[in-house]
Structure formats: structure tokens, C-alpha cells
Amino acid sequence: MPRDPLIALVGKPSSGKSTTLNSLTDATSKVVPNVGDKPLVERCKPNYGVCNNGTRSVPIELLDVAGLVPGAHMGKGLGNRFLDDLRHADALIHVVDVSGTTDAEGKATRGYDPSVDIEWLRSEIVRWIQGNLMEKWCV
Ligand SMILES: Nc1nc2c(ncn2[C@@H]2O[C@H](COP(=O)(O)OP(=O)(O)OP(=O)(O)O)[C@@H](O)[C@H]2O)c(=O)[nH]1
Ligand SMILES: [Mg+2]
């Protein structure tokens with residue numbers, strides 16, 4: 001049996017990662033019975049997870065990673081240690097604060113463009129992976 005998928009929540013400090021994790025783990029979304037020859041609720045016999053009266057539950061693990069800042073891949077804000085926590089993740093969810101009231105380090109500001117966060121955080125992760133590969137790759 002393979003292990004459950006591990007999904008890590010990433011983002012700058014105070015972007016709402018822990019809040020998102022808490023709300024996701026209280027999720028109660030339902031699978032609505034389908035119209036057809038047999039209602040979906042009866043056909044719901046998953047190989048993975050469980051289906052209880054139309055409610056499908058799929059086990060996943062969520063990882064709340066500490067906030068990353070620009071320069072994290074070089075160790076800024078202990079970023080390389082936090083990035084290391086992502087090694088076993090199957091997927092990442094980037095939690096972005098779109099209010100424009102926190103800067104790249106999570107400090108209070110006004111009029112900040114949140115699209116900048118999407119760029120630099122992705123770049124930090126890519127550069128960290130590249131750095132790890134180049135370090136181990138003896139050429
Ligand atoms: N206005 C508003 N505030 C929010 C929202 N989500 C989270 N917050 C607040 O933002 C602050 C930071 O939220 P956290 O969930 O702790 O953020 P985090 O990304 O886990 O922060 P670190 O673990 O420090 O990196 C808290 O004071 C939350 O109450 C939201 O949707 N709207
Ligand atoms: Mg947190």
C-alpha cells in the first residue's frame with residue numbers, strides 16, 4: 001500500500017498557511033448523488049479511502065511549512081531548513097495573501113502587489129532544487 005499523498009502548504013510568513021490548514025482539516029464537502037442508471041451514492045466503492053453515504057473521504061497528509069522569504073534558498077530566514085521540509089511532498093499549495101497589506105517578509109504594509117509573491121516563491125523553490133542537484137551531481 002503506498003503512503004497517503006503529502007501536500008505541503010507554502011507561502012511567505014503570515015500569508016494564512018496555518019489558517020488554511022485548519023479550515024481544510026474541518027472540511028465536510030459532500031459527493032452529490034448523480035442522475036443515471038444507478039445513483040452515484042450506490043456506486044461509490046472506492047479502492048482508496050472510504051465512501052460513507054455519499055461522502056467520499058480520501059486520506060491525505062497536510063504539511064504546514066514555516067514562512068519562506070526571498071533569498072530562502074540561500075538560507076535567509078532559515079529558509080533552506082524550511083525548504084528541506086518540502087522534500088517528501090507530492091504537491092505544494094501556495095497560499096497567497098492577496099490583500100496587499102503584507103510585504104514579501106510578511107510585515108504590514110499597504111498597496112503591495114501579491115503577484116510578486118507568486119514569482120519569487122516559485123523561483124526560490126526552483127533555485128533550491130537546482131542547488132541541491134548541482135551539489136550532488138559530480139561532473
Ligand atoms: N483578514 C484576514 N486575515 C486572515 C485571513 N487568513 C488568516 N488571517 C490572519 O493572518 C494572520 C496570519 O495567519 P496564519 O494562518 O498564522 O499565517 P501563516 O502563513 O501560518 O504564518 P506563519 O506560520 O507565521 O508563516 C493571522 O492573524 C490570521 O488571523 C483572511 O482570510 N483574512
Ligand atoms: Mg503558520
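Ligands are counted one by one from 1 in listed order, and the atoms in each one are counted from 1 as well.
Taking a 4.0 Å cut-off on heavy atoms, Ala66 fails to register as neighbouring ligand 1. Taking 4.0 Å as the cut-off, Ser14 counts as a neighbour of ligand 1 on heavy-atom distance.
Those atoms of ligand 1 with a heavy atom of Gly16 less than 4.0 angstrom away are 13 (O), 14 (P), 15 (O), 17 (O), 18 (P), 19 (O). The ligand atoms of ligand 1 that sit less than 4.0 angstrom from a heavy atom of Gly67 are 25 (O). Counting the atoms of ligand 1 from 1 in the order shown, those under 4.0 Å from a heavy atom of Ser18 are 15 (O), 18 (P), 20 (O).
For atom 27 (O) of ligand 1, the protein comes within 4.0 Å by no heavy atom at all. Protein heavy atoms come within 4.0 Å of atom 6 (N) of ligand 1. Shown here, atom 32 (N) of ligand 1 is out of close reach of the protein: none of its heavy atoms lies under 4.0 Å off. For atom 1 (N) of ligand 1, the protein comes within 4.0 Å by no heavy atom at all.
No donor-acceptor pair closer than 3.5 Å links the side chain of Ser123 to the backbone N or O of Glu119. For Lys12 (side chain) and Val96 (main-chain N/O), no donor-acceptor pair under 3.5 Å exists by modelled atom type. Within the 3.5 Å criterion, the main-chain N or O of Pro13 finds no donor-acceptor partner in the side chain of Glu105.
The pair Asp84-Arg81 fails the salt-bridge criterion, with no side-chain N (NZ, NE, NH1 or NH2) lying under 4.0 Å from an Asp/Glu carboxylate O.
Criterion: ILVMFWY side-chain heavy atoms under 4.5 Å apart, direct or through other members. Under it, Ile118 and Ile125 are not part of a common hydrophobic cluster.
Results of the side chain to side chain donor-acceptor pair (under 3.5 Å) test with Tyr112 over Asp117, Thr102, Asp103 single out Asp117 as the only residue that passes.
With 2.8 Å as the limit, Ser18 counts as an N, O or S neighbour of the Mg ion (ligand 2).
With rounding to the nearest 0.5 Å, the separation of CG in Leu21 from CD1 in Ile93 is 9.5 Å.
Counting only non-hydrogen atoms, the option in Leu9, Thr19, Val98, Leu68 that gets closest to atom 15 (O) of ligand 1 is Thr19.
Nearest protein neighbour of atom 18 (P) of ligand 1, counting heavy atoms only, is Lys17 N, 3.5 Å.
Within 6.0 Å of the CG atom in Asp113, the count of heavy atoms belonging to other residues, nucleotides or ligands exceeds 12.
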